[in-house]
Amino acid sequence: RGHVTDSGLLFELMKLRSADTSSTIFSKCVSSNRLEYMLPDIQNEIIQLLAHDVQRRISEELRNFKYFMICADGTTDITGQEQLSVILRCVTPDFTVNEYFLGLVTMVSTTGEKIAEAIRDVLLRLNIDLSYCRGQIYDGAANMTGIHKGVRAEIQKIVPEAV
């Protein structure tokens, strides 16, 4: 099945990350042959550390751009839970468009107010200032684009320039 070693995909990913990051957790896990690093709880914690590292790097890179656009869309996962995907779109000085996937947010309510709150929370956690938002991209659903209670309207109450 294409396996060269029996160490597993997570271990191979950790070896790769230990080579290109200053984080010691990956180097420590890779250099040690201790099996407790491969227990499910430890693996989940390592995956969380990887996710936080990626988010931190995205957050740092986004600070190089002054303005951005919010892209968001909802979907239902396999369990029937509503998930909101949040993406930021930025343009470089040479007009190259960059998109950054910020994550999926589990939604309890899909009202415009609650979705806007979730977007604000994602931006706040990544230390991204909503006041630099200059555009919004959503599907045509009323809870997203409604002129009175949609996400667009809720964001524009805070940032009128976010058209």
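Hydrogens, waters and symmetry mates are skipped; everything else that's a heavy atom, side chains included, is used.
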Q. Which value, rounded to the nearest 0.5 Å, describes the distance between C90 atom SG and K66 atom NZ?
A. 13.5 Å
Q: Tell me whether L130 is reachable from I58 by hopping between hydrophobic residues (I, L, V, M, F, W, Y) whose side-chain heavy atoms are closer than 4.5 Å.
A: yes
Q. Less than 4.5 Å apart, any side-chain heavy atom of T75 and any of D77?
A. no
Q. Taking the side chain from R134 and the backbone from S131, do they hold a donor-acceptor pair closer than 3.5 Å?
A. yes
(Q) Once rounded to the nearest 0.5 Å, what's the spacing between atom CZ of F68 and atom CG of D129? (A) 7.0 Å
Q: Any chance you could measure I87, atom CD1, to F101, atom CZ, to the nearest 0.5 Å?
A: 6.5 Å
Q. Heavy-atom distance under 4.5 Å between the side chains of Y100 and I128, does that happen here?
A. no
Q) Would a distance-only check, ignoring hydrogens and angles, find a side-chain to backbone donor-acceptor pair under 3.5 Å from Q81 to M107? A) yes
Q.
Any heavy-atom pair between the side chains of T106 and Q83 that's under 4.5 Å?
A. yes
Q) Do Q48 and H52 come within less than 4.5 Å of each other through their side chains, counting heavy atoms only? A) yes
Q: To the nearest 0.5 Å, tell me how far Q55 CD sits from D53 CG.
A: 10.0 Å
Q) Between CZ of R89 and CD of E99, what distance do you get to the nearest 0.5 Å? A) 4.0 Å
Q. At their closest point, which heavy atom of N98 faces which heavy atom of F65, and how far apart are they?
A. ND2-CZ, 3.4 Å
Q: I would like to know whether E82 and T76 meet side-chain hydrogen bond (donor to acceptor under 3.5 Å, both in side chains); could you show each step before the answer?
A: CA-CA 4 Å; E82 185 70 19; T76 306; 3.3 Å; yes
Q | Over 12 foreign heavy atoms within 6.0 Å of CG, D41 | A | no
(Q) Is there a salt bridge (Lys or Arg N to Asp or Glu O under 4.0 Å) between E61 and R57? Walk through the geometry before answering. (A) CA-CA 6 Å; E61 192 168 332; R57 288 174 186 236; over 6 Å; no
For residues 118-126, please give each side-chain donor-acceptor pair under 3.5 Å, one per line with the distance, not counting sequence neighbours.
{"residue": "D121", "atom": "OD2", "partner": "R125", "partner atom": "NE", "Å": "3.4"}

Q. Is there a side-chain contact between L62 and L88, using heavy atoms and a 4.5 Å cut-off?
A. yes
Q) If every non-hydrogen atom of I115 is compared with every non-hydrogen atom of T110, which pair is closest and at what distance? A) CD1-O, 3.5 Å
Q) Which atoms form the tightest heavy-atom contact between Q136 and M69, and what is the distance? A) N-CE, 4.3 Å
Q) What is the distance from atom CG of L104 to atom CG of L84, rounded to the nearest 0.5 Å? A) 8.0 Å
Q.
Just checking Y132: does its OH atom have more than 12 heavy atoms from other residues, nucleotides or ligands closer to it than 6.0 angstrom?
A. no
(Q) I want to check something: taking the side chain as every heavy atom from C-beta on, are Y138 and I70 in contact at a cut-off of under 4.5 Å? (A) yes
Q: Spell out, as yes or no, whether a donor-acceptor pair under 3.5 Å connects the side chain of S85 to the backbone of D73.
A: yes
Just list the side-chain donor-acceptor pairs under 3.5 Å for residues 156-163, sequence neighbours left out, or say none.
{"residue": "Q156", "atom": "NE2", "partner": "A162", "partner atom": "O", "Å": "3.1"}
{"residue": "K157", "atom": "NZ", "partner": "E154", "partner atom": "OE2", "Å": "3.2"}

